There are 2 protein chains.
Amino acid sequence: MIKQEIDIRKIEDIAQRLRAIAHPVRIKIISMLENTDEMNVTTIFNKLEIEQASASHHLNILKSKGILQSRRQGKSTYYSLKPNSIANLLGCINTCAK
Amino acid sequence: MIKQEIDIRKIEDIAQRLRAIAHPVRIKIISMLENTDEMNVTTIFNKLEIEQASASHHLNILKSKGILQSRRQGKSTYYSLKPNSIANLLGCINTCAK
DNA sequence: AAAAACTACAACTAAATAGGAGTTTTTATT
DNA sequence: AATAAAAACTCCTATTTAGTTGTAGTTTTT
């Protein structure tokens, strides 16, 4: 019936991921991490002047979307950009933007 | 500050567009139009068994996102796929899907 | 026990959807 | 020319859904 199958779930997934990234706080986190190798949660929520729980929530979203990675060292968890994730993101934008 | 500028508006725009496409009724409309050259609004809302106003609304969304085009002939408005729009859409998905 | 981060929950906000009613545009009829 | 009918569009409202924030409580490590 359909020449080329359009997978609604795939589209929904990508749309959701892009929209998840497109949030003021999360864009700020990404920007900060482009200049610094890695940051722990305390540093991030202090710099952004938001609640700890809020920072944790946003960080988790970015990590689940494959934008960030984290490693635990002692009591702290350090977040950093996942290699190539930004390049992929920009490539995605270039392909999709008409 | 940011090595590569991330345009939040661009991301939001693409996310919104993809999400607009990812709707059951609109996917059905796209699928139907992949098999038929063009269809008028009455045919579409009858086939999908939805309200006329609803069909009009969904068609307008798809047109505004550059997926469909329309032409008026007499009392009817005929909708069809905008050339290359589906190819672009699928290319977009391939680039963004990880 | 204390520090750091995560998780869960509830309240609030914003966006999307569907339905009904009314409006515009075009054609047909008298 | 006036009116009616068909087709599609627009507007408004109610409902639903998704996302955000904040508080409180829990887990993990020192």
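Computed from a predicted structure; not experimentally measured.
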Query raised in the report: Is the SG-SG separation for the cysteine pair B/C92 and A/C92 below 2.5 Å?
Result: no
Query raised in the report: Does B/H57 put a side-chain nitrogen or oxygen below 4.0 Å from OP1 or OP2 of D/dA8?
Result: no
Report task. State which of C/dC6, C/dA3, D/dT10 makes the closest approach to the side chain of B/A53. Result -> D/dT10
Report summary line: Ranking B/V41 and A/A20 by the position along DNA chain D of their nearest nucleotide, the one closer to 5' is B/V41
Query raised in the report: Has A/S76 got a side-chain N or O lying under 4.0 Å from the OP1 or OP2 atom of C/dA5?
Result: yes
Report task. With heavy atoms under 4.0 Å as the rule, sort A/Y78 into base, sugar-phosphate or nothing. Result -> nothing
Query - Atom-pair distance (CG on B/L48; P on C/dT17), nearest Å - result: 15 Å
Query raised in the report: How close or far is atom P of D/dT26 from atom NZ of A/K75, stated in whole angstroms?
Result: 21 Å
Query raised in the report: DNA chain D: A/Q52 or A/Q73, which has the more 5' nearest nucleotide?
Result: A/Q52
Report summary line: Heavy-atom nearest nucleotide on DNA chain C taken for A/R19 and for A/T43; more 5' hit belongs to A/T43
**Report entry** Separation of atom CG in A/L62 from atom P in D/dT20, rounded to whole Å
**Finding:** 11 Å
Report task. State the pairing partner of D/dT30; accept Watson-Crick or G-U wobble contacts with both distances under 3.5 Å, and report none otherwise. Result -> C/dA1
**Report entry** Listed nucleotide nearest any side-chain atom of B/R26, set C/dT17, D/dA8, C/dC6
**Finding:** C/dT17
Query raised in the report: Quick one: B/K65 NZ to C/dA16 C1', roughly how many Å, whole number?
Result: 12 Å
Report task. For B/T77, answer base if it contacts any base atom (sugar-phosphate contacts may also be present), sugar-phosphate if it contacts only those atoms, and nothing otherwise; contact means non-hydrogen atoms under 4.0 Å. Result -> sugar-phosphate
**Report entry** Criterion side chain to side chain donor-acceptor pair (under 3.5 Å) on A/S85 and A/N88, from CA distance to verdict
**Finding:** CA-CA 5 Å; A/S85 64; A/N88 284 342; over 6 Å; no
Query raised in the report: Closest to the B/T42 side chain: D/dA7, C/dA16, C/dA5?
Result: D/dA7
Report task. Indicate whether the side chain of A/N46 and that of A/T43 have a donor and an acceptor atom separated by less than 3.5 Å. Result -> no
Query - Proximity to the side chain of A/S54 - top-ranked nucleotide from D/dA7, C/dA16, D/dT21 - result: D/dT21
Query raised in the report: Does A/Y79 place a side-chain N or O at less than 4.0 Å from the phosphate oxygens OP1/OP2 of C/dA4?
Result: no
Query raised in the report: Under a 4.0 Å N-O cut-off, is there an ion pair linking B/R9 with B/D13?
Result: no
Query - Rounded distance in Å - CZ (A/R72) to C1' (D/dT29) - result: 6 Å
Query raised in the report: Could you state the CG-P distance from B/N40 to C/dT26, rounded to the nearest angstrom?
Result: 16 Å
Report summary line: Taken to the nearest whole Å, NE2/B/H23 to P/D/dT17 is 12 Å
Query raised in the report: Expressed in angstrom and rounded to an integer, what is the separation of A/E51 atom CD from C/dA5 atom P?
Result: 15 Å
Query raised in the report: Under the 3.5 angstrom rule, does the side chain of B/T95 hit a backbone N or O of B/G91 as a donor-acceptor pair?
Result: yes
Report summary line: In short, A/Q52 meets A/V41 closest at the heavy-atom pair NE2-CG1, 4.0 Å
